[in-house]
> 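Quick one: the structure is below, questions incoming.
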Protein chains: 2
Amino acid sequence: MDAGLDEAAGKRARGLDRAFEILDFLRQKRQALKPNEIAAQIGAPRSSVYELVNLLLRNGILEFTGGEGRVYLGRKLYFLGAAYENHFDFTRECEAALERLADETRETAQFCMLDGNKYTVVRMREGARPFRISTDIGQSVPIPWTASGRLLVAHMTNEEILAFIPQQDFQLPSGEWLDPAAFLTEVRDTERDGHFTFNSIVDSFTHCFAVPVMGDAGHAAATLCLVAPRDDGLANRDRYLDCLKDAARRLSHAPLQSRRA
Amino acid sequence: MDAGLDEAAGKRARGLDRAFEILDFLRQKRQALKPNEIAAQIGAPRSSVYELVNLLLRNGILEFTGGEGRVYLGRKLYFLGAAYENHFDFTRECEAALERLADETRETAQFCMLDGNKYTVVRMREGARPFRISTDIGQSVPIPWTASGRLLVAHMTNEEILAFIPQQDFQLPSGEWLDPAAFLTEVRDTERDGHFTFNSIVDSFTHCFAVPVMGDAGHAAATLCLVAPRDDGLANRDRYLDCLKDAARRLSHAPLQSRRA
DNA sequence: ATCATGTGTACATTATATTGGACGAAAACG
DNA sequence: CGTTTTCGTCCAATATAATGTACACATGAT
């Protein structure tokens, strides 16, 4: 049911883990929930959740909102997040890069990172076309579903990758299963080429491009992506890739590093 | 030393509280620290801090950065903060309001909120003048030191206010003590007038203006402020106040409320 | 009315998280 | 070189946090 975090069940959960499970759950749901609902949906004891929620409320990590005793992420988290963003000051240059990409390609441009063992769109610039994008900002998406996913795990060994990505995530939205071996092959190719493009496996009408943005550790800390209609994407493949690599090169200089010594 | 959170000492601290103490401390310091340093500076047992830090690292709440095993706030916090910002979507209109204010007054405009029982500048727009501002974005400042502080606690009773603000915070940076009774009088006047202005008690050359931005609960959820050179501020007092109140009225409509039903 | 279901609170039990202190390695220092 | 300080890890003891269970009170369906 609850796809347990680590090992088997039957053990007591640690408060801290439970707490962040609650926070992540609220983030995923993107709406205020009653403690009772949270407990039911994450499969945690009600008494524990009530206790944790009260604790988090006292700390400003959660806030009452939406009435009926519903809670959602609190202001303190905003402050902490702002401090992170300020320290690893990627926002400004990131926006500039997306702006450029959108100008040059008229397609939807995204800046993506790993969130734990999921892929997530951190910032997005909508393209010129009125275009239904499959993933919203901040949503957690299984790594194998995305072009960027190939890049974001490319620094790991095959074994590490398989240990890192939940088995379940190889099941595509269509219900089909992606062969992990095939995925690994694509990762290795990607690593060699420095980019990955494919017809999206999440929808049936887009072509996705992804290139890495290098970080401190010498591997992809993030990616820049384009999402284009298939015919467009295929027609402009080379040019789009050039634009992306250019943007990524600029970004790889300053950002994602600490500003202070 | 560590101005303890609640009651007396001698008791065991709860992991969660300790954890958020660590996070807040890192935010305040605005730099990566070694677990050892954290433990020493917040006065917590080393073994506890090491355990907590490892736990937070595993959750992506903290990250290694700066080498030597130093840690700082992690990406997960950024994501959570972004979700908060997205939910209570004040950023856009807030920036617009600050922009307008800066245009109209050429002074430094700030958007401020409470962070727990401290005052903090959430967003700032520098004025035309090359002007040394006393408080940076995201820094926690004692409530009594600021004009906005009078507004942000105005919905409480006198007793609540005195219980809310740490005694220590009535000591000004100069070392002088502000009389709590005098502070309360100012708060009540402020509540009546709907604004507060004064010659800053943090520095000796600015005049500060603050007006409330009303939130869900019917009281000041935030403030808009101007920080001006004293002569300028006094000369333009009425006009500046009009600008502020105008901006605050616009802001009080939509923002700081949830976007969803 | 009766029952099922959702909601918040209170409390005893026990598994365990927090803690102090011990240990060794490495770095700073004289 | 010794000596002192900083640093990270390990471990047993016990204070306590997480949990199951029971209770109180709605609400709405039958």
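Keep in mind that the numbers below use all heavy atoms, side chains included, and drop hydrogens, waters and symmetry copies. Labels below follow one simple rule: chain letters A, B, ... track the order of the sequence lines, proteins then strands, and each chain is numbered from 1.
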> Between A:N54 and A:G15, just flag the one whose closest nucleotide in DNA chain C comes earlier from the 5' side.
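Its nearest nucleotide lies further toward 5', so the answer is A:N54.
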> Between A:E51 (CD) and D:dT19 (C1'), how many Å, whole number?
10 Å
> Reckon A:K34 has a side-chain N or O less than 4.0 Å from the OP1 or OP2 of C:dG8?
no
> Quick one: is C:dA17 close enough that its OP1 or OP2 comes under 4.0 Å of any side-chain N or O from A:R14?
yes
> In whole angstrom, what separates A:Y50's OH from D:dT21's P?
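It is 18 Å, rounded to the nearest whole Å.
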> Quick one: do B:D115 and A:K76 make a salt bridge, cutoff under 4.0 Å?
yes
> Would you kindly give the CG-to-C1' distance between B:L16 and C:dT18, to the nearest whole Å?
13 Å
> Applying salt bridge (charged side-chain N to carboxylate O under 4.0 Å, His left out), name anything that partners A:E159, two or more places apart in sequence or on another chain.
none
> B:E21 and side chain to side chain contact (heavy atoms under 4.5 Å, CB included): which single residue from B:I38, B:I42, B:L52, B:L16 fits?
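Exactly one pass, corresponding to B:I42.
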> For the helix from C:dA1-D:dT30 to C:dG30-D:dC1, how many degrees between its two end axes (five pairs per end), to the nearest 10°?
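Angle reported: 30°, given to the nearest ten degrees.
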> Does A:E191 pair with A:R188 as a salt bridge, N-O distance under 4.0 Å?
yes
> A:R70 or B:V49: which one's nearest nucleotide on DNA chain C is closer to the 5' end?
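Mapping each residue to its closest nucleotide by heavy atoms, the 5'-most match is A:R70.
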> Between C:dA17 and A:R12, is there an OP1 or OP2 to side-chain N/O distance shorter than 4.0 Å?
no
> For the pair made of CG in A:L52 and C1' in C:dG8, what is the distance, rounded to whole Å?
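Atom-to-atom, A:L52 to C:dG8, this comes out as 16 Å.
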> Would you kindly give the CG-to-P distance between A:N36 and D:dC25, to the nearest whole Å?
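Taking CG of A:N36 and P of D:dC25, I get 18 Å after rounding.
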> Can you tell me if the side-chain N/O atoms of B:R46 get under 4.0 Å from OP1 or OP2 in D:dT6?
no
> Kindly say whether B:Q171 contributes a backbone atom to a donor-acceptor pair with the side chain of B:W145 at under 3.5 angstrom?
yes
> Write down the distance between CD1 (B:I42) and C1' (C:dT18), rounded to a whole number of angstrom.
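In whole Å, C:dT18 C1' lies 13 Å from B:I42 CD1.
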> List for me each residue that meets ring pair (Phe, Tyr, Trp, His ring centres under 6.0 Å) alongside B:Y72, sequence neighbours excluded, and say none if there are none.
A:H87
> Determine whether B:L152 and B:M113 make a side-chain contact, defined as any pair of heavy atoms from C-beta on separated by less than 4.5 Å.
no
> Any side-chain N or O of B:S48 under 4.0 Å from OP1/OP2 of C:dT19?
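Checking C:dT19 against B:S48, a side-chain N or O does come within under 4.0 Å of OP1 or OP2.
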> Measure the shortest side-chain to side-chain distance between B:N36 and B:R46 over non-hydrogen atoms and say whether it is less than 4.5 angstrom.
yes
> Round to a whole Å and report the spacing from CG of A:L56 to P of D:dA18.
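The answer, rounded to whole Å, is 11 Å.
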> Base, sugar-phosphate, or nothing for B:A13, non-hydrogen atoms under 4.0 angstrom?
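Sugar-phosphate contact only.
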> Check every atom of C:dG8, D:dT6, D:dT19 against the side chain of A:P35 and return the nucleotide holding the closest atom.
C:dG8
> For B:D17 and D:dA18, give me the distance from atom CG to atom P, rounded to whole Å.
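Result: 10 Å.
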> Which part of the nucleic acid, if any, lies within contact of B:E37, taking any heavy atom under 4.0 Å across all strands shown: a base, the sugar-phosphate backbone alone, or nothing?
nothing
